[in-house]
Amino acid sequence: MKVIVFEDMHAVDRFVVQRIKEVIESKSCPVIGFATGSTPQGVYNGLIQKYQKGEVSFRQVKAFNLDEYVGLSKDHPRSFAKAMWETLFSKLDIEEENIYALNGVADNMEQECQRYEKLIQENPIDLQLLGIGMDGHIAYNEPGTSFDEGCHVTNLHKESIESSLGYGFDHLEEVPRQGVTQGISTIMQARELIMIAKGEKKAKLVQRMVKGKVSEDFPSSIIQNHNQVLVVLDQEAASHLEEEDYERH
Ligand code: PGA
């Protein structure tokens with residue numbers, strides 16, 4: 001695992017944008033896994049700028065979303081599918097049929113999970129972006145989730161429900177109590193992972209993710225077992241690591 005620390009979040013964003021561009025340019029049909037949440041928004045703005053300047057095209061890209069709220073359709077203003085569409089995909093030249101997401105309002109969620117898992121097996125993800133949740137989750141793999149799980153429905157933990165207030169919900173009562181998510185085993189099959197964390201509030205979580213025991217109690221720790229993973233941090237998020245734990249850029 002390589003941990004890279006940048007002076008500020010803008011330098012983090014520039015680095016990740018560049019890496020995504022390289023992956024897109026190195027493949028005829030690149031498959032990128034996108035994450036929602038506040039952390040990657042600067043990266044998405046950077047990708048939009050690069051596209052607008054004609055420096056990158058998403059015409060051949062297939063995009064897979066990580067997770068969704070159960071009970072929200074892709075057109076619901078608070079769904080992750082809608083957030084990805086509004087903040088990124090609608091502003092790029094990506095083909096709409098190449099955008100894949102879990103359907104939070106499927107009649108049969110088990111079948112929906114199987115459908116998505118199969119789609120990902122058929123379109124292996126070249127690069128998966130990740131963030132870390134306040135309870136250590138990746139995607140909506142909450143503490144206690146088996147590392148062997150594929151796509152599945154999950155009960156959201158308190159920290160995840162509270163963090164959702166940052167995603168446009170006005171009241172906790174409005175936040176769905178369940179999510180549907182790529183599993184740890186799904187995520188670990190991606191060829192490359194980029195985990196991004198920014199800010200002091202993530203510092204202790206980052207320390208546990210990078211240096212703690214790999215344990216289902218702290219799902220993001222699993223990335224220590226991936227053979228192609230970059231952890232990209234700003235100085236605040238790295239403030240509980242030792243100098244020897246990372247490269248400074
Ligand atoms: P955040 O969420 O980027 O809004 O902090 C991260 C996550 O829950 O994966």
Side-chain angles (χ1 to χ4, degrees), residues 6 8-10 12-13 15-17 20 32-47 64-70 72 78-84 86-88 101-102 104 125 127-145 149 151-152 154-170 172 175-184 186-188 190 193-210 217-223 226 229-240:
F6 290 88
D8 60 29
M9 64 165 97
H10 306 295
V12 168
D13 294 339
F15 175 85
V16 177
V17 166
I20 295 171
I32 310 286
F34 290 93
T36 37
S38 54
T39 306
Q41 295 309 316
V43 170
Y44 298 161
N45 292 338
L47 289 174
F64 280 84
N65 288 359
L66 269 179
D67 49 9
E68 187 55 275
Y69 291 113
V70 170
L72 302 194
R78 303 281 170 264
S79 72
F80 288 153
K82 186 75 171 175
M84 284 306 308
E86 303 248 294
T87 59
L88 184 64
L102 282 153
I125 292 176
L127 171 62
Q128 176 65 58
L129 299 179
L130 296 170
I132 178 170
M134 295 308 290
D135 59 359
H137 70 214
I138 43 174
Y140 267 151
N141 290 280
E142 299 286 35
T145 307
E149 281 249 38
C151 294
H152 65 280
T154 183
N155 294 325
L156 299 181
H157 287 203
K158 183 170 160 282
E159 294 87 344
S160 301
I161 293 169
E162 286 169 0
S163 295
S164 295
L165 285 180
Y167 309 153
F169 292 98
D170 294 323
L172 277 183
V175 179
R177 287 332 195 225
Q178 286 193 311
V180 57
T181 184
Q182 285 188 36
I184 297 283
T186 328
I187 293 169
M188 288 295 281
L193 304 179
I194 295 189
M195 160 62 74
I196 312 170
K198 298 171 176 172
E200 172 66 33
K201 75 170 184 178
K202 296 286 174 78
K204 279 196 179 144
L205 299 163
V206 165
Q207 182 193 36
R208 190 165 169 198
M209 171 176 72
V210 169
D217 292 340
F218 201 75
S220 56
S221 61
I222 190 67
I223 68 170
H226 197 283
V229 55
L230 270 178
V231 179
V232 189
L233 309 170
D234 64 8
Q235 288 199 94
E236 287 79 24
S239 59
H240 283 255

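In this chain, numbering begins with 1 at the start of the sequence shown. This structure is a prediction, so every number in the text was calculated from the model and none was measured. Counting starts at 1 for both ligands and their atoms, in listed order.
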*Asks:* Taking the six-membered ring for Trp, are Phe64 and Phe34 closer than 6.0 Å centroid to centroid?
*Replies:*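 Ring centres of Phe34 and Phe64 not closer than 6.0 Å.
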*Asks:* A quick test of your reading: do over 12 heavy atoms of other residues, nucleotides or ligands sit less than 6.0 Å from CE of Met9?
*Replies:*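 No, CE of Met9 has 12 or fewer neighbouring heavy atoms, counting only those of other groups under 6.0 Å.
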*Asks:* Ignoring hydrogens and angles, state whether a donor on the side chain of His137 or Glu142 is under 3.5 Å from an acceptor on the partner side chain.
*Replies:*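 Present: a donor and an acceptor within the cut-off.
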*Asks:* Using the side chain to side chain contact (heavy atoms under 4.5 Å, CB included) rule, take Tyr69 and Phe80 through it: C-alpha gap first, then chi angles, then the decisive distance, then the call.
*Replies:* CA-CA 7 Å; Tyr69 291 113; Phe80 288 153; 3.7 Å; yes
*Asks:* Please determine whether a side-chain nitrogen of the Lys or Arg among Asp217 and Arg208 lies less than 4.0 Å from a carboxylate oxygen of the Asp or Glu.
*Replies:*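 Answer for the salt bridge query: no.
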*Asks:* Filter on salt bridge (Lys or Arg N to Asp or Glu O under 4.0 Å), then keep only pairs touching residues 154-169, sequence neighbours left out; what's left?
*Replies:*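 Residue pairs with at least one partner in residues 154-169: Lys158-Glu162.
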*Asks:* Collect the protein residues that have a non-hydrogen atom under 4.0 Å from ligand 1 and hand them over in chain and number order.
*Replies:*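 Under the 4.0 Å cut-off, ligand 1 touches Gly37, Ser38, Thr39, Gly131, Ile132, Gly133, His137, Tyr167, Lys202.
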